[in-house]
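I have placed the structure first, in the form of structure tokens, so that the comments after it can refer back to it.
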Amino acid sequence: MKNTLFWLVKSEPVKYSWEKFNKDGRTFWDGVRNYQARNNLRLMQEGDLVLFYHSNDGKEVVGIAKVVKEAYQDPTTEDPNWVVVDLSPVETLKKPVTLETIKADEQLKDVGLVRQGRLSVMALKREEFDRILELGS
DNA sequence: GCCAACGTTGGC
DNA sequence: GCCAACGTTGGC
């Protein structure tokens, strides 16, 4: 059995919110135009767990999604540089975990969200993922 | 709306 | 290959 990896993706709720995602049941994660984020998308494997973060408005982790289809050509562009993955919602956090909470948490000091604020798709360590879920329950 | 961080582009 | 200029993202 392969190792599950953990990720965090950002979305501006104005563009694509957790609520909309849950209504859709499944989406392809498009719009990534940053190489580092793209590389992360390519590393995602089916079954990996992904935290869903609302940027700008809310600034909080709102739920858990999972990868249901690995990276393939971004259907919204011809440019072969860009890929998308398919995600499905798994569950909503009982309590959203705010950026403020994450910043204040000793165990989450080094999380990508804090250290590299602009990156929209980032890897999480298992401990970080677990810690955020703990804070959100 | 401003600004900091940082990635990308283009001139040399 | 360096670096300044510029654009984008996201927090405040």
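Chain naming here is simple, since letters A, B, ... match the order of the sequence lines and numbering starts at 1 in each.
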Handout entry: Qualifying residues under ring pair (Phe, Tyr, Trp, His ring centres under 6.0 Å), relative to A/Y16, sequence neighbours excluded
Key = none
Practice task
Give the rounded distance in Å between these two atoms: CZ of A/R115 and P of C/dG10.
Solution key: 17 Å
Between the protein and nucleotides 1-7 of chain C, which nitrogen or oxygen pairs come in under 3.5 angstrom?
none

Fill in the blank from the handout: By salt bridge (Lys or Arg N to Asp or Glu O under 4.0 Å), A/K20 pairs with (sequence neighbours left out) A/D24
Handout entry: Residues which pass salt bridge (Lys or Arg N to Asp or Glu O under 4.0 Å) with A/K103, listed by chain and number, not counting sequence neighbours
Key = none
Practice task
Round to a whole Å and report the spacing from CG of A/N56 to P of C/dC12.
Solution key: 11 Å
Handout entry: Any residue of residues 97-109 of chain A with a heavy atom less than 4.0 Å from an atom of DNA chain C
Key = A/L99, A/K103
Problem - d(CG, A/D57; P, C/dG11) in whole Å - result: 11 Å
Fill in the blank from the handout: Going by chain and number, the hydrophobic cluster around A/V84 (ILVMFWY, side chain to side chain under 4.5 Å) further includes A/F28, A/Y72
Exercise for the section: Give every residue pair that meets the side chain to side chain donor-acceptor pair (under 3.5 Å) criterion with at least one member in residues 52-64 of chain A, sequence neighbours excluded. Expected result: A/E12-A/N56
Problem - Remaining members of hydrophobic cluster (4.5 Å side-chain criterion), A/Y35 - result: A/W82
Practice task
Give the rounded distance in Å between these two atoms: NZ of A/K10 and P of C/dT9.
Solution key: 11 Å
Exercise for the section: Before accepting this row, confirm whether a basic side-chain N of the pair A/R38/A/D74 lies closer than 4.0 Å to the acidic partner's carboxylate O. Expected result: no
Completion exercise
Between CG of A/L113 and P of C/dT9 the distance, given in whole Å, is 16 Å
Problem - Results of side-chain contact (heavy atoms from CB on, under 4.5 Å) for A/Q36 - residues two or more places apart only - result: A/N34, A/Q116, A/L119
Completion exercise
Rounded to whole Å, CE of A/M122 lies from C1' of C/dG10 at a distance of 11 Å
